[in-house]
Amino acid sequence: MKIASWNVNSLNVRLPHLQQWLESFAPAVVGLQETKLEDERFPDTALAELGYRSVFSGQKTYNGVAILSRSPATDVQIGIPGFVDEQQRVIAATVDGVRIINLYVVNGQDVGTDKYAYKLRWLEAVHAWIAAELQMHPDLVVMGDFNIAPDDRDVHDPEVWNDRHILTSTAERAALQRLLDLGLHDAFRLHHDDGGIFSWWDYRQAAFRRDMGLRIDLTLISDALRARCVAAGIDREPRTWDRPSDHTPAWVQLQPPTAY
DNA sequence: ATGGTTGTTCAACAA
């Protein structure tokens, strides 16, 4: 089964791209971020016509997350338990026995701002929650727009994207490392050692044409899923389409569980 | 980057 994450930057605008991509890529599960849609406007009927069920948590203008799946999604959790937050950035569900956590991590604007402090607080809350989720669900995938590039291989220019810059700062990378230390693995890095493979390119300065990108869309898998993970990658193609999202899908492929 | 582009909403914010 292929499991993917895609920040669509407005599902209203990107629905045709999503439909085309679901038909060609055929993931079993996809987590969406930045749907920017109130729940009443979520296009669940159009997606059902392609064979996908939807669970979602959205709001007007900003944020918004969803999980689409071919099999039913159960035990749906919206938001981080015990963390009061009006921003709709988190949805989790169990699909085909795999616990799926879909995150739209806070961007943080700039190091030292209030939004940066919120990002770090939010990541602390996510850390505590995921620690508990791992106890209950050994087969765990944490996917999403992390708004953190793990290391220098994941940025086009490490001089610009340095330890004092948003998305690459020391505290952000330390927060990501603390998540990994719970027993999670950056699935992409289990299958690729090379740098220069990105998932996001700024709309400005013709960044995509010049391949000035970052890899900030990640899929973390638990220790227990590691043996089942046979491939991982980033599908650049939707970024080449007309009027694209600034992000492109990141994915992993899991083998079925071994039967005894 | 006092920059540049896109989305939501319609002037300003977020990314």
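Letters A, B, ... are given to chains in the order of the sequence lines, protein chains preceding strands, and every chain is numbered from 1. Values in this document were obtained by computation on a predicted structure and should not be read as measured data.
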Q: Using the closest heavy atom to pick a nucleotide of DNA chain B for each, name whichever of A/R41 or A/Y203 lands nearer the 5' end.
A: A/Y203

Q. Where each residue is assigned the nucleotide of DNA chain B containing its nearest heavy atom, which of A/T35 and A/A206 is assigned the position nearer the 5′ end?
A. A/A206

Q.
OP1 or OP2 of B/dA1 versus the side-chain N and O atoms of A/R204: is any pair under 4.0 Å?
A. no

Nucleotide [N], atom [atom2] - distance to [atom1] of [X] in whole Å:
{"X": "A/R89", "N": "B/dA15", "atom1": "CZ", "atom2": "P", "result": "6 Å"}
{"X": "A/R243", "N": "B/dT6", "atom1": "CZ", "atom2": "C1'", "result": "8 Å"}
{"X": "A/M212", "N": "B/dA15", "atom1": "CE", "atom2": "C1'", "result": "16 Å"}
{"X": "A/E34", "N": "B/dC13", "atom1": "CD", "atom2": "C1'", "result": "13 Å"}
{"X": "A/K60", "N": "B/dT8", "atom1": "NZ", "atom2": "C1'", "result": "10 Å"}
{"X": "A/D246", "N": "B/dT6", "atom1": "CG", "atom2": "P", "result": "10 Å"}
{"X": "A/N63", "N": "B/dC13", "atom1": "CG", "atom2": "P", "result": "17 Å"}
{"X": "A/D202", "N": "B/dG4", "atom1": "CG", "atom2": "P", "result": "12 Å"}

Q) Can any side-chain N or O of A/R239 pair as donor or acceptor with the backbone N or O of A/W200 at less than 3.5 Å? A) no

Q. Under 3.5 Å, side chain of A/H17 to main-chain N/O of A/L11, donor-acceptor pair present?
A. no

Q) What nucleic acid atoms does A/R210 come within less than 4.0 Å of, heavy atoms only: base, sugar-phosphate, or nothing? A) nothing

(Q) Regarding A/Y104, tell me which of base, sugar-phosphate or nothing describes its non-hydrogen contacts under 4.0 Å with the strands shown. (A) sugar-phosphate

Using the [atom1] atoms only, state how far [M] lies from [N], rounded to an integer number of Å.
{"N": "B/dA14", "M": "B/dT9", "atom1": "P", "answer": "14 Å"}
{"N": "B/dG3", "M": "B/dA12", "atom1": "P", "answer": "15 Å"}
{"N": "B/dT2", "M": "B/dG7", "atom1": "C1'", "answer": "23 Å"}
{"N": "B/dG4", "M": "B/dT8", "atom1": "P", "answer": "22 Å"}

Q: List the steps, then state whether side-chain contact (heavy atoms from CB on, under 4.5 Å) holds for A/W122 with A/Q87.
A: CA-CA 11 Å; A/W122 190 94; A/Q87 302 194 20; over 6 Å; no

Q. Nearest to the side chain of A/T61 - B/dG3, B/dG7, B/dT9?
A. B/dT9

**Q.** Nucleotide nearest A/K36 when distance is taken to its side chain, options B/dA1, B/dA15, B/dG7
**A.** B/dG7

Q: For A/N63 and A/Q88, run side-chain hydrogen bond (donor to acceptor under 3.5 Å, both in side chains): C-alpha distance rounded to whole Å, both residues' side-chain angles, the deciding distance at 0.1 Å, then the answer.
A: CA-CA 6 Å; A/N63 307 310; A/Q88 305 305 309; over 6 Å; no

Q: Just say parallel, tilted or perpendicular for the rings of A/H165 and A/W161, cut-offs at 30° and 60°.
A: tilted

Q: Go ahead and name the base partner of B/dT6; Watson-Crick or wobble counts if both distances stay under 3.5 Å, otherwise write none.
A: B/dA14

